[in-house]
Amino acid sequence: MRYWLMKSEPDVYSIEDLERDRQTIWDGVRNYQARNFLRSMEVGDRAFFYHSNATPPGIVGLMQVSQPDIVDPTQFDPKSKYYDAKSPQDNPRWRTVQVEFVEQFPQIVTLEQLRQTFSSEELLVVRQGNRLSVMPVDEAVAQKILKLAKG
DNA sequence: GCCAACGTTGGC
DNA sequence: GCCAACGTTGGC
């Protein structure tokens with residue numbers, strides 16, 4: 001099983017929103033490293049849902065990739081804040097995935113807990129100043145996070 | 001609201 | 001291709 005971590009600000013889109021919608025296109029990623037991770041995702045991959053810019057920040061649930069390699073529609077929408085005028089129609093720059101809700105954890109695994117448990121080599125999100133919004137998570141680390149989540 | 005980190009842009 | 005200026009992310 002492959003694991004990822006994906007960030008979203010809960011004011012913009014939260015785990016509760018995903019539970020309501022059941023699935024969503026993970027749009028708006030405009031960073032090439034993050035996009036490359038999105039492009040390498042496969043159906044069935046699991047992704048931790050991380051609330052950034054939240055009080056407290058941390059991992060709040062689990063989702064799974066339900067459709068790979070989707071063209072992010074917001075890049076062609078001039079009204080979207082993610083509009084990219086330079087993205088060619090015949091070769092879209094921004095591709096992403098559709099994810100579906102798996103579960104909301106009974107308790108958040110806070111960034112503080114993650115820092116106490118993992119080094120920045122084990123888990124990229126605890127690295128200071130880390131701004132990457134999509135990142136891989138090592139499977140052994142993922143299993144420990146799942147344990148923390150179930151208290 | 002502040003500000004450090006850091007990715008991107010654009011002049012040269 | 002360098003790098004200063006700028007904009008954004010995201011913890012606090």
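Letters A, B, ... are given to chains in the order of the sequence lines, protein chains preceding strands, and every chain is numbered from 1.
The nearest whole Å value for the distance from the CD1 atom in A:Ile59 to the P atom in C:dG11 is 12 Å. In this structure, the CG atom of A:Asp84 is 14 Å from the P atom of C:dT8, given to the nearest Å. Computed from coordinates, the A:Tyr13 OH to C:dG10 C1' distance equals 21 Å when rounded to whole Å. Rounded to a whole Å, the CG atom of A:Asp11 is 18 Å from the P atom of C:dT8.
Closest to the side chain of A:Asn31, out of C:dG10, C:dG11, B:dG7, is B:dG7.
Here the side chains of A:Ile15 and A:Met63 are not in contact, with every heavy-atom distance at 4.5 Å or above. When side chains are defined from C-beta on, A:Ile145 counts as touching A:Leu114, because their heavy atoms get closer than 4.5 Å. Within the 4.5 Å cutoff, side-chain heavy atoms of A:Met135 are placed close to those of A:Asn130. Between A:Val141 and A:Phe118 there is a side-chain heavy-atom pair separated by less than 4.5 Å. Put simply, the side chain of A:Met1 reaches to within 4.5 Å of the side chain of A:Glu139, judged on heavy atoms. In this structure, A:Trp94 and A:Asp84 have side chains that are in contact, with non-hydrogen atoms separated by less than 4.5 Å.
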Exercise for the section: Evaluate side-chain contact (heavy atoms from CB on, under 4.5 Å) for A:Met6 paired with A:Ser133, printing each intermediate quantity in order. Expected result: CA-CA 6 Å; A:Met6 295 159 79; A:Ser133 67; over 6 Å; no
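The pair A:Arg127-A:Glu122 fails the salt-bridge criterion, with no side-chain N (NZ, NE, NH1 or NH2) lying under 4.0 Å from an Asp/Glu carboxylate O. Under 4.0 Å is where a charged nitrogen must lie from a carboxylate oxygen, and between A:Arg35 and A:Asp72 no such pair does.
Between A:Trp4 and A:Phe49, the ring centre distance reaches or exceeds 6.0 Å.
Not one side-chain nitrogen or oxygen of A:Lys7 sits closer than 4.0 Å to the OP1 or OP2 atom of C:dT9.
Less than 4.0 Å separates DNA chain C from at least one heavy atom of each of the following residues of residues 119-135 of chain A: A:Asn130, A:Arg131. Residues of residues 48-56 of chain A that place a heavy atom closer than 4.0 Å to DNA chain C, in numerical order, are A:Tyr50, A:Ser52, A:Asn53. Taken residue by residue, residues 69-81 of chain A places no heavy atom nearer than 4.0 Å to DNA chain B.
Taking the six-membered ring where tryptophan is involved, the planes of A:Tyr3 and A:Phe48 are essentially parallel, since the angle between them stays under 30° and well short of 60°.
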